[in-house]
2 protein chains.
Amino acid sequence: MTQESIKVLVVEDHHVVRQGLVALLNVADGIEVVGEAADGVEAIAQFRKHQPDVTLTDLRLPRLSGVEVIQRIRMETPQARFIVLTTYDGDEDIYRALQAGARAYLLKGMTSDELIATIRAVHAGKSHIPPAIAQKLAERMGAEELTPREFDVLEQIVRGKSNKEIAAELEISEATVKTHINSLLGKLGVTDRTQAATAAIQRGIVPLESLRKPGQ
Amino acid sequence: MTQESIKVLVVEDHHVVRQGLVALLNVADGIEVVGEAADGVEAIAQFRKHQPDVTLTDLRLPRLSGVEVIQRIRMETPQARFIVLTTYDGDEDIYRALQAGARAYLLKGMTSDELIATIRAVHAGKSHIPPAIAQKLAERMGAEELTPREFDVLEQIVRGKSNKEIAAELEISEATVKTHINSLLGKLGVTDRTQAATAAIQRGIVPLESLRKPGQ
DNA sequence: CGCGCCCTCCACCTATAGATGGACCGCGCC
DNA sequence: GGCGCGGTCCATCTATAGGTGGAGGGCGCG
């Protein structure tokens, strides 16, 4: 063999998208798709089996999120390399993925060339973050972290709960709820709960799916 | 030729997804992808050029939305058949797409078999709506329509405006704003503006993208 | 024309939300 | 041990939001 192919694992729950990725990558020189996975658990199994050079993964996955997949795999294989590929560009997701050890973050709207170039770059040990993403990341870095409790309160706000209901839910007094709200409004840079709710959804702090109905 | 292939036009702005669809469809018997388009304007041009039997389209498209594409094409070619394929399942989108004349509505998470079966069914003149989607549609049908003004107010609420700001923006009194809010809260089946905002986003009444920053 | 719907506005009242400042406890860290 | 920080709680005040009822004008439709 003249040169080694880059072994790639594709992790993506949407059939058509996965199919598309595999189709794109299979025609690229020097790239070989060694495995596919449709959820987080399967992704880890496939990784162990094939030891790919680069893992291309979605963030929103059944069973285990993309971030969890990255974290777990890196615990046993720290040199593993990841490219996150997602439709959404919520600041929080980007931050968490890169934090977990992803080397690149791409949106699904990118061209095949970009994708292939990124795989090569990441395999060569480089990182690759598109400018638009880098900017969001920068914004996010400037923002303050929410405390766990503030996060709990924010989640309830997004669910449409009143302060009284939040107090009951979290078993704290309404006064405390207001304290947390006041604090989180400041950190999010907004002035009321409605803005906090939309900001939380937009930034991916509270995933939109989570508010369908569950979690009471 | 033993039997005619079904001519399909694929309209989808995300490269990898479009690639995946084309790859999936090209291996299916009796289906031929005659064209691809990455935005609404191109979709109409491709339709005119190839006169496909079935058009498979995303709803969120650059330049012209999927709904607009369906409407415009049906103005000149009423018998054209459409399958809407989208990641989101906001009630409003489903409603508008079917209203515009789509015969089927599929989520991107579906299997290739479902997709192919749906294309055949739609080509044969049938409609195909997955049960989960049908249920949402039913819910939506039961809901009351928002008046244009109520919609304006709701949009401002989602943007995080206060009643006073909304009044200024729409050049009406704050009392009127409250009247509209009261009315739309009832129609949406929610009890406060925060719930109205998340409901609007969830149902796709106000697209999440629209609140990035623009529109002042 | 009369009816219904929408938009507009008003007054009034109550409940909720947000702002402020001060307080106590527990925990990790230097 | 002292310090900082997060979480908890309190009281209080003001602004905003939401609920109710009533009222006028415009517009389309049978």
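Numbered from 1 within each chain, the chains take letters A, B, ... in sequence-line order. In this text, all values refer to a predicted model and were calculated from it rather than measured experimentally.
Between the CG atom in A:L56 and the CD atom in A:E36 there is a gap of 11.0 Å [rounded to 0.5 Å]. In this structure, the separation between OG on A:S127 and CG on A:L98 is 8.0 Å, given to the nearest 0.5 Å.
Salt-bridge formation is not detected for the pair B:D13/B:R18: no Lys NZ or Arg NE/NH1/NH2 atom is positioned less than 4.0 Å from an Asp or Glu carboxylate oxygen. Salt-bridge formation is detected for the pair B:E76/B:R48: a Lys NZ or Arg NE/NH1/NH2 atom is positioned less than 4.0 Å from an Asp or Glu carboxylate oxygen. Ion pairing between B:K108 and B:E12 holds under the 4.0 Å rule for side-chain N and carboxylate O. Taking a cutoff of 4.0 Å between a charged side-chain nitrogen and a carboxylate oxygen, A:D93 and A:R203 do not qualify as a salt bridge.
When the local axes at the two ends of the helix from C:dC1-D:dG30 to C:dC30-D:dG1 are compared, using 5 base pairs at each end, they differ in direction by 50° after rounding to 10°.
We find that CD1 of B:I166 is positioned 13 Å from P of D:dT16, with the value rounded to whole Å.
No donor-acceptor distance shorter than 3.5 angstrom exists from the side chain of A:Q156 to the backbone of A:V153, with no hydrogens or angles considered. A:R81 places a side-chain N or O within 3.5 Å of a backbone atom of A:H123 that can act as its donor or acceptor partner.
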Quick tally for nucleotides 5-19 of chain C: nucleotides whose base has a protein heavy atom under 4.0 Å get B, sugar-phosphate-only ones S, the rest -, giving -SSBBB-----SBBB

